Amino acid sequence: MTLLHKIKRFFEPLKSNPFAVVLSVIKFSCWSSYSLFSVYIVREIVRLYTSHNMVWIEGILFQYIIFSIIYFVITWFLRKSDWPILYHDMDKWIYRHYLDRLMMIESTYLEKLGTGRLIAIIATWEKTWIDGLSGIIKEWTKIFIITLFILFLLFSKNFFYGLFFIWVFIVLQVLVVYLDTQAHRYRKMRTERKSDFMRQLVRIIMSRNEIIQSDNIDNNIGSTIELIEWIRDTNNQINGVLYAIFNVVRITVTLMKIIFLIFLIFAGKDGILPIADVAWFLALFIIFEAFLIDSVEFYKNLTKDFSDIEKLWEVFDNAPQNLRYNHGKNFVFREGNFELKDIT
């Protein structure tokens, strides 16, 4: 399966209710805009206060009140758009699609797969799929709105500030993607072992009496512990990569803060940087740091769960089918006696 096909397949459940998707995007846009507009209000109040222009502060306060009223009205009307409406529409779409395919899978294949493992694949990983889509709608909207806001402020202040932000953002995202690919192979192995762990646990519970009668308790518990230790060792590998991913972002932002503070010291001595701009830069740094960390966290969670979703697809795509289920004539019940012919 190509990457493009995987992406297309991942987003298929959104077709269950496109209108709810649009409403969810509007809702999350309002969420992101609220905090950003607050930064703008603080900047304008500081600027007007330092210039002793108290008359215009009342106008800024009026803008904030009007914006807040509009925000709460819109978000109240859209409060159900993503959850529960869109969430459960995607839920129904996945179950309708995959339970129908489950009925066409050969019984021997399902028996080999095991009841516990099959339950984990369908129930647990289906929820992971929906949560991933819900997170994408929320986080992508947030990233898009914040990016536009930061670029607008930076380009309006200085063209090179905007270019510098774009360069830093692209470089950090490339580093994050590269480091995360190192963790992805460990995640796939962890997904397999988690599935084996669930299967082992269900087998112990369902075969409790047989295990006791055969005096095989220690071996079964030992096998379970071995799987936990294997998952732990894999998580240790993943943890090292995740530490590098998040600290690359924090180190970059810390260096930018140090550079800005050095600039602030010299600019303050010369008096070339107004207090309003200082407050604006500091607020922008807070938003920028939170934005980068949130975007990395979102990407990490999405790729972490994607291996689970791929496992769901693999089980159904590779399963042998009851090929002749739809062949022949349907049985029609009639009163009276009937006989079967040509049985081999």
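As a basis for the values below, the full set of heavy atoms in this structure was taken, side chains included, without hydrogen atoms, waters or symmetry mates. Everything numeric in this text was worked out from a predicted model, so none of it was measured.
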Leu86 and Leu133: CA distance, side-chain angles, deciding distance, side chain to side chain contact (heavy atoms under 4.5 Å, CB included) verdict: CA-CA 10 Å; Leu86 179 59; Leu133 287 170; over 6 Å; no

Salt bridge (Lys or Arg N to Asp or Glu O under 4.0 Å) between Asp91 and Arg96, intermediate numbers included: CA-CA 9 Å; Asp91 201 19; Arg96 184 182 297 114; over 6 Å; no

Side chain to side chain contact (heavy atoms under 4.5 Å, CB included) between Tyr64 and Phe37, worked out: CA-CA 8 Å; Tyr64 184 69; Phe37 188 76; 4.1 Å; yes

Full working for side chain to side chain contact (heavy atoms under 4.5 Å, CB included) between Glu12 and Trp93: CA-CA 9 Å; Glu12 275 184 335; Trp93 187 93; 3.6 Å; yes

Side chain to side chain contact (heavy atoms under 4.5 Å, CB included) between Tyr186 and Val241, intermediate numbers included: CA-CA 10 Å; Tyr186 293 113; Val241 178; 5.5 Å; no

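Residue Glu210 comes nearest to Met206 through the heavy atom pair OE1-O, 4.3 Å, listed as atom of the first residue, atom of the second, then distance. Annotation for Ser81 and Ala20: closest pair O-CB, 3.9 Å, computed over non-hydrogen atoms. Minimum heavy-atom separation, Ser134 to Met90: OG-CE, 3.8 Å.
Linking ILVMFWY residues whenever their side-chain heavy atoms come closer than 4.5 Å, directly or via other members, leaves Val21 and Ile85 in distinct clusters. Hydrophobic clustering keeps Trp76 apart from Tyr34 (ILVMFWY residues linked when any side-chain heavy atoms are closer than 4.5 Å, directly or through intermediates). Under a hydrophobic clustering in which Ile, Leu, Val, Met, Phe, Trp and Tyr are joined whenever their side-chain heavy atoms come within less than 4.5 Å, directly or via other members, Tyr178 and Ile238 fall into the same cluster. Val248 and Val171 fall within a single hydrophobic cluster, where Ile, Leu, Val, Met, Phe, Trp and Tyr side chains are chained together by heavy-atom contacts under 4.5 Å. Note on Ile225 and Phe197: same hydrophobic cluster, where clusters join Ile, Leu, Val, Met, Phe, Trp and Tyr whose side-chain heavy atoms are under 4.5 Å apart, directly or indirectly.
Put simply, the side chain of Ser207 never gets that close to the backbone of Ile204: no donor and acceptor are under 3.5 Å apart. The closest donor-acceptor contact from the side chain of Ser214 to the backbone of Ile211 lies under 3.5 Å. Although no hydrogens or angles enter the test, the distance criterion places no donor-acceptor pair under 3.5 Å between the side chain of Asn247 and the main chain of Arg250. Judged by distance alone, with hydrogens and angles left aside, the side-chain atoms of Gln321 form a donor-acceptor pair with the main-chain N or O of Ala319 at under 3.5 Å.
With salt bridges taken as basic N to acidic carboxylate O contacts below 4.0 Å, one links Asp180 and Arg187.
Sorted by first and then second residue, the pairs that involve residues 63-84 and meet salt bridge (Lys or Arg N to Asp or Glu O under 4.0 Å), not counting sequence neighbours, are Lys27-Asp82. Sequence neighbours left out, the pairs with a member in residues 217-243 that pass side-chain hydrogen bond (donor to acceptor under 3.5 Å, both in side chains) are Arg190-Asn235, Arg203-Asn220, Asn216-Asn219.
By the salt bridge (charged side-chain N to carboxylate O under 4.0 Å, His left out) test, Lys138 is found to be paired with no residue, residues two or more places apart in sequence or in another chain being considered.
A distance of 10.0 Å separates CD1 in Ile228 from CD in Gln200, rounded to the nearest 0.5 Å. Rounded to the nearest 0.5 angstrom, Ile122 CD1 and Leu102 CG are separated by 5.0 Å. Summarising the geometry, atom OH belonging to Tyr71 is positioned 9.5 Å from atom OG belonging to Ser33; distances are rounded to the nearest 0.5 Å. Between the SG atom of Cys30 and the CG atom of Leu78 there is a distance of 7.0 Å, given to the nearest 0.5 Å. Here Lys92 contributes atom NZ and Ile94 contributes atom CD1; the two are 12.5 Å apart, rounded to the nearest 0.5 Å. To the nearest 0.5 angstrom, Trp83 atom CH2 is 6.0 Å from His88 atom NE2.
The aromatic rings of Trp129 and Trp313 sit perpendicular, their planes meeting at an angle over 60°, well past the 30° parallel limit.
Among Thr75, Ile145, Thr141, the one residue that satisfies the side chain to side chain contact (heavy atoms under 4.5 Å, CB included) test with Trp31 is Thr75.
More than 12 heavy atoms of other residues, nucleotides or ligands sit less than 6.0 Å from atom CG of Asn318. When the shell of 6.0 Å around OH of Tyr95 is examined, it contains more than 12 heavy atoms from other residues, nucleotides or ligands. No more than 12 heavy atoms of other residues, nucleotides or ligands shown are found within 6.0 angstrom of CZ on Phe77.
The side-chain heavy atoms of Arg193 and Asp196, taken from C-beta on, include a pair separated by under 4.5 Å. Residues Met256 and Thr252 are in side-chain contact: their nearest non-hydrogen atoms beyond the backbone lie under 4.5 Å apart. In this structure, the side chains of Ile137 and Leu14 come closer than 4.5 Å at one or more pairs of heavy atoms.
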